[in-house]
2 protein chains.
Amino acid sequence: MQTRGAAAPDPTATAYTDSSGRALEDYKRPSVAVDTALLTVAAHDDHLSVLLVRRMPEPGAPAGAEAWALPGTFLHEGETLIDAVRRSLREKAGIEGVNPRQLRVFDDPGRDSRGWVLSVAHLDVVPTTRLAERDPERTRLARLADAVERLPFEHDKIIAAAAAEVRAQYARVPDPYGLLPEPFTILDLRLLHEAVAGEPLQRDTFRRQMISQLTPTGEVTTGTRGRPAELFRRVPAAIPWLPPTAT
Amino acid sequence: MQTRGAAAPDPTATAYTDSSGRALEDYKRPSVAVDTALLTVAAHDDHLSVLLVRRMPEPGAPAGAEAWALPGTFLHEGETLIDAVRRSLREKAGIEGVNPRQLRVFDDPGRDSRGWVLSVAHLDVVPTTRLAERDPERTRLARLADAVERLPFEHDKIIAAAAAEVRAQYARVPDPYGLLPEPFTILDLRLLHEAVAGEPLQRDTFRRQMISQLTPTGEVTTGTRGRPAELFRRVPAAIPWLPPTAT
DNA sequence: GAAATAGTGTCTGTAAGACACTATCGG
DNA sequence: CCGATAGTGTCTTACAGACACTATTTC
């Protein structure tokens with residue numbers, strides 16, 4: 001409960017009033033949070049994983065019970081959503097240099113026992129190498145299937161929405177988020193895409209789909225069994241989604 | 001400016017505190033607004049239109065200058081976003097029974113001169129008949145091209161995002177929002193889709209694409225010039241986007 | 001040479017673009 | 001019959017799925 005109700009208009013507020021003649025400050029405002037699903041594919045793993053951070057256990061929870069959640073924070077005064085996202089990742093996981101984008105707002109009134117909290121869900125996909133610098137005490141990588149073990153605040157829904165989005169993007173474009181270190185073989189690329197999709201892909205069709213969107217290096221692998229594989233790079237301008245910090 | 005700063009923790013607040021030991025109420029919170037792009041295609045018009053509502057003129061604006069904007073409102077205490085959207089459409093335009101869905105959050109700090117306001121943009125597409133009951137004094141239908149005449153609050157961006165979304169949906173599914181009264185001919189359907197797309201579509205290819213997704217009635221038109229046209233209905237479960245009031 | 005992996009040829013089915021043909025109405 | 005509109009046949013191109021073949025390496 002709040003101590004402030006619908007009091008008389010605040011004389012220090014700006015002069016604008018709405019159709020009821022009440023100023024902005026006369027309405028109770030929600031807390032706004034951001035939560036981020038930071039996805040990756042661990043090296044030589046064939047599943048999507050998501051970054052979780054340790055959170056304060058619920059009061060009354062059995063001692064030793066672990067509580068995990070997506071990294072998130074409350075929006076501070078004057079801060080943009082993306083800045084809040086970056087701050088939460090920096091402070092709660094020690095991660096910098098990511099560029100998440102909005103998924104959608106979760107506004108279920110009962111989603112947060114602490115009060116009236118809207119959460120703007122965000123998504124980014126980053127190479128595991130960038131997650132290596134994270135704080136190992138407070139963070140953890142969980143496969144998607146394992147992560148949906150009763151996360152708080154509808155975080156399971158956020159993860160599901162994030163995975164669906166990422167799968168749709170990987171369906172037609174080679175590694176749009178740059179998970180693979182360059183140069184890479186078509187096999188590397190296919191194993192990554194299969195990990196994202198969660199199902200095997202056609203070898204020959206996949207090659208023909210992707211090769212037109214890659215630039216050959218002319219190099220080949222050496223020291224492997226069988227015929228050496230050609231090495232490729234992504235073409236520079238292959239990330240149409242991810243506008244330059246969309247408003 | 002606000003009269004409340006980072007005061008001492010409110011003793012009536014819930015016991016939860018964040019990692020800095022501060023309760024929810026210690027942070028300034030943004031105002032949260034919803035704005036809705038309600039699109040339609042007027043009968044026998046070949047363009048998308050958007051519903052605008054009259055707004056208070058800016059102080060200092062020349063007398064007689066008209067100011068229009070998308071219908072919107074501030075989120076009230078305990079209210080969900082979709083409820084706020086429905087309330088704003090009811091109160092500001094006299095429209096009921098729509099089911100908008102989220103587009104995204106606009107959080108540009110300078111977007112609203114009244115203060116710190118986030119806006120959650122929404123979208124719906126409704127038949128013009130449903131807009132006929134609206135308040136004619138305070139509302140107006142504007143073609144998209146005409147509507148982008150300096151709307152406040154980035155409303156032009158909301159409209160652009162809404163149009164892109166709707167065009168993508170109409171590209172593969174016959175009238176997903178049910179604008180056409182049933183039954184209808186393939187010609188009716190194509191003219192509607194051309195209005196949405198803003199460009200002419202192939203007559204034969206369009207028919208073959210859509211006919212597999214329609215149920216024939218067996219009836220035909222009468223009294224028209226040329227060969228009578230078959231009449232169709234939409235198949236019942238043809239609206240996969242628009243989950244039953246998504247959270 | 002055998003095993004293994006990379007890369008390609010090719011057949012089939014589906015579907016869009018394009019064009020022209022047939023079908024059925026009002027007058 | 002003529003004009004007009006609805007509906008269909010069909011040719012071309014492109015591409016996914018499927019399968020098998022060739023190519024080039026290690027052991």
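Note on naming: letters A, B, ... go to the chains in the order of the sequence lines (proteins, then strands), and numbering restarts at 1 for each one.
The CZ-P distance, from Phe206(A) to dT8(C), rounds to 15 Å in whole Å. Straight-line distance from the CZ atom of Arg225(B) to the P atom of dG7(D): 17 Å, rounded to whole Å. Taking atom CD1 of Ile186(A) as the reference point, atom P of dG7(C) lies 7 Å away to the nearest angstrom. Taking atom CZ of residue Arg190(A) and atom C1' of nucleotide dA16(D), one finds them 16 Å apart after rounding to whole Å. Here the C1' atom of nucleotide dT14(C) and the CZ atom of Arg172(B) are 13 Å apart, to the nearest Å. Regarding Arg208(B), its CZ atom lies at a distance of 15 Å from the P atom of dA6(D), rounded to whole Å. Met210(A) has its CE atom 17 Å from the P atom of dA6(C), to the nearest Å. In this entry the distance linking CG of Leu214(A) with P of dA6(C) reads 15 Å, nearest Å.
When distances are taken from the side chain of Leu187(A) to each of dA6(C), dG9(C), dA4(D), the shortest belongs to dA6(C). Counting only heavy atoms from C-beta on, Asp204(A) has its side chain closest to dG9(C) among dA18(C), dG7(C), dG9(C).
Two residues, Leu231(B) and Gly223(A), neighbour DNA chain D, and the one matched to the more 5' nucleotide by heavy-atom proximity is Leu231(B). For the pair Pro228(A) and Ile211(B), both in contact range of DNA chain D, the more 5′-proximal nearest nucleotide belongs to Ile211(B).
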Test log, rule side chain to side chain contact (heavy atoms under 4.5 Å, CB included), inputs Thr36(B) and Leu70(B)
CA-CA 6 Å; Thr36(B) 306; Leu70(B) 294 181; over 6 Å; no
Working note: Trp68(B) + His155(B), criterion side chain to side chain contact (heavy atoms under 4.5 Å, CB included); need CA distance, chi angles, decisive distance, verdict.
CA-CA 10 Å; Trp68(B) 297 89; His155(B) 282 183; over 6 Å; no
With side chain to side chain contact (heavy atoms under 4.5 Å, CB included) as the test, would you mind laying out the steps for Glu230(A) and Ile186(A) before giving the verdict?
CA-CA 8 Å; Glu230(A) 300 169 25; Ile186(A) 303 281; over 6 Å; no
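A donor-acceptor distance shorter than 3.5 angstrom exists from the side chain of Gln102(B) to the backbone of Val105(A), with no hydrogens or angles considered. Without hydrogens or angle criteria, Asp107(A) side chain to Leu118(A) main chain gives no donor-acceptor distance under 3.5 Å.
Contact of Arg203(A) with dG17(D) (side chain to base): no donor-acceptor pair of N or O atoms is detected under 3.5 Å. The base of dG3(D) has none of its N or O atoms less than 3.5 Å from a complementary donor or acceptor on the side chain of Arg227(B). Donor-acceptor pairing under 3.5 Å, judged by distance alone, is absent between the side chain of Arg207(B) and the base of dG17(C).
A close approach under 4.0 Å does occur between a side-chain nitrogen or oxygen of Gln202(A) and OP1 or OP2 of dA18(D).
Residue contacts shown for Thr222(B) are absent, as no nucleic acid heavy atom lies under 4.0 Å away.
Between His193(B) and Tyr170(B), the ring-plane angle classifies as perpendicular under the 30° and 60° cut-offs.
The minimum heavy-atom distance linking Glu165(A) with Arg101(A) is given by the pair OE2-NH2, 2.5 Å.
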Between the protein and nucleotides 13-15 of chain D, which nitrogen or oxygen pairs come in under 3.5 angstrom?
none

